[in-house]
Amino acid sequence: MSDAVLRVKDLQTQFETRSGVLKAVDGVSFEVARGRILGLVGESGSGKSVTGYSILGLVEPPGRIAGGEVLLNGKDLTRLRGESMRQIRGAQIAMVFQDPMMTLNPVLKIGTQMVAAVRAHDNVSRKAARARSRDALAKVGIPSPEERLDAYPHQLSGGMRQRVAIAIALLHSPAVIIADEPTTALDVSIQGQILAEVRRLADETGTAFVWVTHDLAVVSSLADDICVMYAGRVVETGPAADVIAAPRHPYTAGLLASVPSEHAPGTKLPQVPGSTPSLANLPPGCAFAPRCAKAGPACTTTPPVQHFENGRTALCHYPIEPVSCQPLSLTSTTYRSAS
Amino acid sequence: MSSSPALPLPAETGWTRLSHFWSDFRQSPVAVLALIVVVAVVLMAFLAPFVAPQDPYNQEALDLFDARLEPGEVGSGGYVHWLGTDAAGRDIFSAILYGLRTSLIVGVMASTLALVLGTTVGLVAAYYGGRIEALIMRIIDLQLSLPAILLALVLVALLGQGLMQLVAALVAAQYAYFARTTHGAASAERRKDYIEAALSTPLPARYVLFRHLLPNALPPLIVVATVQVANSIALEATLSFLGLGLPITQPSLGSLISNGFQFLLSGRYWISIYPGIALMLTVVAINLVGDQVRNVLNPRRSR
Amino acid sequence: MIGFLIQRILHALMVVIAMSIIVFLGVYAIGNPIDVMIDPASDQALREALIRRYGLDRPLFEQYFVFMNNMLHGDLGESFIYRLPVLNLIWSRFPATLELALTAMLIATGLGIPLGLWAGYKPESLSAKAIMAFSVLGFSVPSFWVGLLLIMTFAVELGWLPSGGRGPTTQVLGMNLSITSLAGWSYIILPAFNLALFKLGLLIRLTRAGTVEVMGSDYVRFARAQGLSEGKVVGLHVLKNISIPIVTVFGLELGSTLAFAVVTETVFNWPGMGKLIIDSITVLDRPVMVAYLILVVFLFVMINLIVDLVYGQLDPRIRVKAAS
């Protein structure tokens, strides 16, 4: 995609621990275009959250970015330090975290926190900043925004708090928003509202989203493109509908097969055998090989990136051949744009 | 707790935990040095009768002729008083060794008793819960809000002077710390399901208390115990300095310092300063060791 | 908010009453109550007069009420040694201790919080480690020993500052204070610093621990993700969150400072309440001891109450929890 707003190339983030150097992010690459939503999918420990932090330069010691590039509209964020990175954060690229009760400061009023966020990048008066905050709250669908500004986080419901977090992310109309499992802590019905809201924002404002999650149902209903991660590596990418209908990587196939809604009640859920490897003890070659039903002799060497139609890729020696069958739909609603 | 991304790491066994503890402890050269100092002090104090050239409590061995000698001078006993003598002719070096011994014994004794008392109270409170727990913890909280020295002062005032009274005062001033620590750890554990399960069996309550609740309280207790030994020693020294601690027949470092106070202004610094240095080294060293133990045992430390 | 206030005040009152009963019983249980209130050396006629006045021939709980009644009217008995009403005696010494304690707290917070913030902000740096080492010294070395060293260094060796006593005083708001003059400051600075040292060490460690914990929290990460400058992150987000434990400790330590003043006043010959109590313990001037105890307890409870209220103001979650 030549009009990619965010382009991550071969990103490497490592943690130095007593057990050795852990490669939490090992050569991750993906792209997001204007107004598109990329679903970054994986289990816990796959490195998806660390990828998000790395993009924003929020990785703290003993972790560090060891290599690769993060290009935001062509500018490499990994080369920026201190003040220059601070100016980008919140203004051109923003992040929403998982648990808004922890991410909003519990002893400060909502208004105080939002005004501070506005004035971090724009030298405006408190009054003007407050007005902007009020508008941002209204934009994400929060009723009586003026009152909410004077409330404390614990006085709002979980869904409201997350909307506040999204509003804060939107304050400076960033080009990209990275959302790290923002609906995991919420009710399914609230989750639906927020997903609809996000889709609307992407369409109306052209903001690109990187939606980090482990929930395939969310991804299938929201994301335009999907990027599957395992043990710090990207194992499959492509348009969401295509990947879900016909996965190429055995891990993706295993994930999709274990989604409960796909099976009749009472039947046994298929699982991917084994468990996620410890990052300190990765097998040589393909990290998924020990659990893979299709593993072969070549899997002890690093698998190549296989390219397929529609820009799809898979990191595998023995990718799954396409089978013509009905496209799967994991949820009844779809928030995807019609492209 | 912050939600940093999970990194799957290999599990640890009991033995590796112990060796990890030591290697973590070793990370701070200061703490290791402090540990060496503590061991040296304890050894010297207990070997006092063999190491010290003079028994400062033995009236016969003293000679007023030797009073207020400067450090390095030779006394009537024929040996060098490396740290000088005090107003009664006592060799400061010997007095320090014996004084250290008294201070250490009182400090450790008081802390141990406080530990036993406080741990029992804390465990009982955590185990029974409800009204009993609320009442006990209220009393503990109240006691904790009063500074140790005040409590000790009051008790010494009421009970009079003497070794046992002093120890009682020190114990009363300190047991609350142990009680609170134990209660905190034990009550957190108490709420867990496996305790409920254990209690529903015919196992005696004692068993549950000691086998399950107590081990969880141990790490923070160890830290508190180390610090409290240092505090006991310091508190006893303070009381003795004020004239309210041990009687004259059992001088501790505090009373040594107090005796020498009047000579400070006339330039005979050694009578107060050297015992003071000994006291300071001991207390600081114990605190440093306790500090590092706390750092190592802190469960929130990143590995 | 009102409910919270009333609840706390009632609680405080209960504690004061409970403590007064305990003190009363303690004193009476330990010694001969007659000896507590009346100098054993006074003659028979005086003894009988005082026995009747204090109701010491009445049953115990009646005595307690007489005692409380007298106390509320300001009559706490008469000192054996000074032959003055105890309350007047203690009150005359109070300003000296108060200004010493307040100056010490000022030094402790003024130095302790910034140092602790710095140590918590960059905990691995050399300066942070030096600060922590200093703080260990601050609270582990017995304060009377530090006082001695201070006197040795500044008064004896260098001769810059006086070695004891209090400076010239002026009347301020009905109390005699010495900090109003420069000469007065030269007398107070050493003992105040000595008194402050313990609290300084404590405050540094507390601030550092609070800062380290808050710096690792999600909302600090979120604030950074918003592009807030480091100064704003610390000044707005961190400061408010660590202020809660600090205020609690400040309040509690204020009381403890007043108590610790006992040692400092002895070392520096500072004519305050602390020195009074030490002297009375050594000479067994019991009315003074009893009165001091009760006053100290009362002071503590008041301070705790105020701290509780300020706490509720700082952390809005507490108000909700207490009201429910």
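We name chains A, B, ... by the order of the sequence lines, and we start the count at 1 in each one. Note: hydrogens, waters and symmetry copies are ignored here, and every other heavy atom, side chains too, is used.
A/Arg34 CZ: 12 or fewer foreign heavy atoms inside a 6.0 Å radius. For A/Glu146, the CD atom counts as densely surrounded, since its 6.0 Å shell holds more than 12 non-hydrogen atoms of other residues, nucleotides or ligands.
Looking at A/Leu104, both its backbone and its side chain come within 4.5 Å of chain C, counting heavy atoms on both sides. There is no contact between A/Ala169 and chain C, counting heavy-atom distances below 4.5 Å. Contact annotation for A/Leu58: both backbone and side-chain heavy atoms come within less than 4.5 Å of a heavy atom of chain C. Using a 4.5 Å cut-off between heavy atoms, A/Gln113 touches chain C through backbone and side chain atoms alike.
In this structure, CD on C/Gln226 lies 9.0 Å from CE on A/Met114, to the nearest 0.5 angstrom.
Residues A/Ala116 and C/Leu236 share a closest heavy-atom pair of CB-CD2, 3.6 Å. The two atoms that bring A/Ala120 and C/Leu228 nearest to each other are CB-CD1, 3.6 Å, heavy atoms only.
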*Can you check side-chain contact (heavy atoms from CB on, under 4.5 Å) on C/Met215 and A/Glu60, steps first, answer last?*
CA-CA 11 Å; C/Met215 289 306 283; A/Glu60 279 158 31; over 6 Å; no
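Contact check for A/Ile168 versus C/Phe222: side-chain heavy atoms found under the 4.5 Å cut-off. The side-chain heavy atoms of A/Arg86 and C/Glu230, taken from C-beta on, include no pair separated by under 4.5 Å.
Screening A/Leu108, A/Thr112, A/Val107 for a side chain to side chain contact (heavy atoms under 4.5 Å, CB included) involving C/His237 leaves a single residue, A/Leu108.
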